[in-house]
Number of protein chains: 2
Amino acid sequence: MAADSLSRVFSALADPTRRDMVARLAAGDATVNELADPYDVTVQAVSKHLKVLEDAGLVSRSREAQRRPVHLEAEVFDLMTRWIERYRREAEERYRRLDDVLRSMPDDVEPTPPTESGAST
Amino acid sequence: MAADSLSRVFSALADPTRRDMVARLAAGDATVNELADPYDVTVQAVSKHLKVLEDAGLVSRSREAQRRPVHLEAEVFDLMTRWIERYRREAEERYRRLDDVLRSMPDDVEPTPPTESGAST
DNA sequence: GTTGTATTCAACCAGGTAGTTGAACGAGGG
DNA sequence: CCCTCGTTCAACTACCTGGTTGAATACAAC
């Protein structure tokens, strides 16, 4: 299941520093030291953040002499967008449907489809 | 601390159980007990998860007798989608631009050529 | 008023995470 | 070869998180 990688991506982006790194990397590749500069933390801490982003598939690192330029991988964003949009659409549709029902319902009972059983994975 | 709302939303959805809850809530409102049923954890744990989702603005709870039906709030998804799409677009555009540059540079010099180990293809 | 049901609060524990310092490693330049 | 720079590894600490159990609260039914 893609749940695991989805967890890694969401978790990676739950940190403001990492989100800021992603934002800056969207403007262009950078080295660990360059990335670390604006933050008030050690380079080692930034290196750890980078590892989290890398494990989530959000960035990749190449080797160029002793530097390791960090590159943003945009494809993983799709995974999130797909998940988000799916449930948003569902929720909004349901909302619209409910709205319809309420409007077309004088004071009768609620329609309960017989195909409704416990939700499963 | 993850005080900003974007951090809270990403953090909330980083947990597979909470994502599953959201998925199920997209199909319709549910009570805490209903939500807790399929999971192998106590109701209290689910209540905590719900609090996280609520703090993130992903769900809301009303009061209906002693039950507290949970309702999915779809708007917050927009916040994430906007963030994600912004940087994805930036990254993709940059990629396209780079591609252009490379194509318009047949055998010219590169901006930073410390080592030359073959032409770029 | 007492009982029962649904939910939350409080205290606690195990594991993970973000940060630190200090040392090691890898590649170029003197 | 030795030194320096960029980066990562290792060990440690403080805190946050997800889980537990047990008690408390809120409302409905009896």
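Since the model is a prediction, treat every value here as computed from it, not as a measurement. We name chains A, B, ... by the order of the sequence lines, and we start the count at 1 in each one.
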Exercise for review: Check whether any side-chain N or O of B:Arg61 sits under 4.0 Å from OP1 or OP2 of C:dT8, and answer yes or no.
Suggested key: yes
Review point. Is any side-chain heavy atom of B:Phe10 less than 4.5 Å from a side-chain heavy atom of A:Val9?
Key: no
Point to revise | Minimal non-hydrogen separation, B:Ala91 against A:Leu72, with atom names | key: CB-CD2, 3.7 Å
Review point. In residues 27-42 of chain A, what residues come within less than 4.0 Å of DNA chain C, judged by heavy atoms?
Key: A:Asp40, A:Val41, A:Thr42
Check your understanding: Are any side-chain N or O atoms of B:Arg68 and backbone N or O atoms of B:Val32, one a donor and one an acceptor, separated by less than 3.5 Å?
Key -> no
Check your understanding: Within this structure, what is the CZ-to-C1' distance between B:Arg68 and C:dT8, rounded to whole angstrom?
Key -> 9 Å
Exercise for review: Go through the structure and list residues passing side chain to side chain donor-acceptor pair (under 3.5 Å) with B:Ser60, not counting sequence neighbours.
Suggested key: B:Glu73
Review point. Do the side-chain N or O atoms of B:Arg18 get closer than 4.0 angstrom to the phosphate oxygens (OP1, OP2) of D:dG18?
Key: yes
Polar atom pairs (N or O), protein with nucleotides 25-27 of chain C, under 3.5 Å:
none

Check your understanding: Ignoring hydrogens and angles, are the base of D:dG6 and the side chain of A:Gln44 linked by a donor-acceptor pair under 3.5 Å?
Key -> no
Exercise for review: Could you list the residues that satisfy ring pair (Phe, Tyr, Trp, His ring centres under 6.0 Å) with B:Tyr87, not counting sequence neighbours?
Suggested key: B:Trp83
Practice item. Just grab all the salt bridge (charged side-chain N to carboxylate O under 4.0 Å, His left out) pairs involving residues 32-52 of chain A, residues at least two apart or on different chains. Key: A:Lys51-A:Asp55
Practice item. Using the side chain to side chain donor-acceptor pair (under 3.5 Å) rule, pick out the option among B:Glu54, B:Gln44, B:Arg18 that qualifies with B:His49. Key: B:Arg18
Practice item. Name every residue in residues 45-55 of chain B that has at least one heavy atom under 4.0 Å from any atom of DNA chain C, in order of residue number, or write none if there are no such residues. Key: B:Ser47, B:Lys48
Review point. What heavy-atom pair brings B:Arg19 and B:Leu13 nearest, and what distance separates the two atoms?
Key: NH1-O, 2.7 Å
Study note, to complete from the structure: CG (A:Asp29) and CZ (A:Arg61) are apart, to the nearest 0.5 Å, by 12.5 Å
Review point. Of all heavy-atom pairs between B:Ser5 and B:Leu79, which one has the smallest distance, and what is that distance?
Key: OG-CD2, 3.6 Å
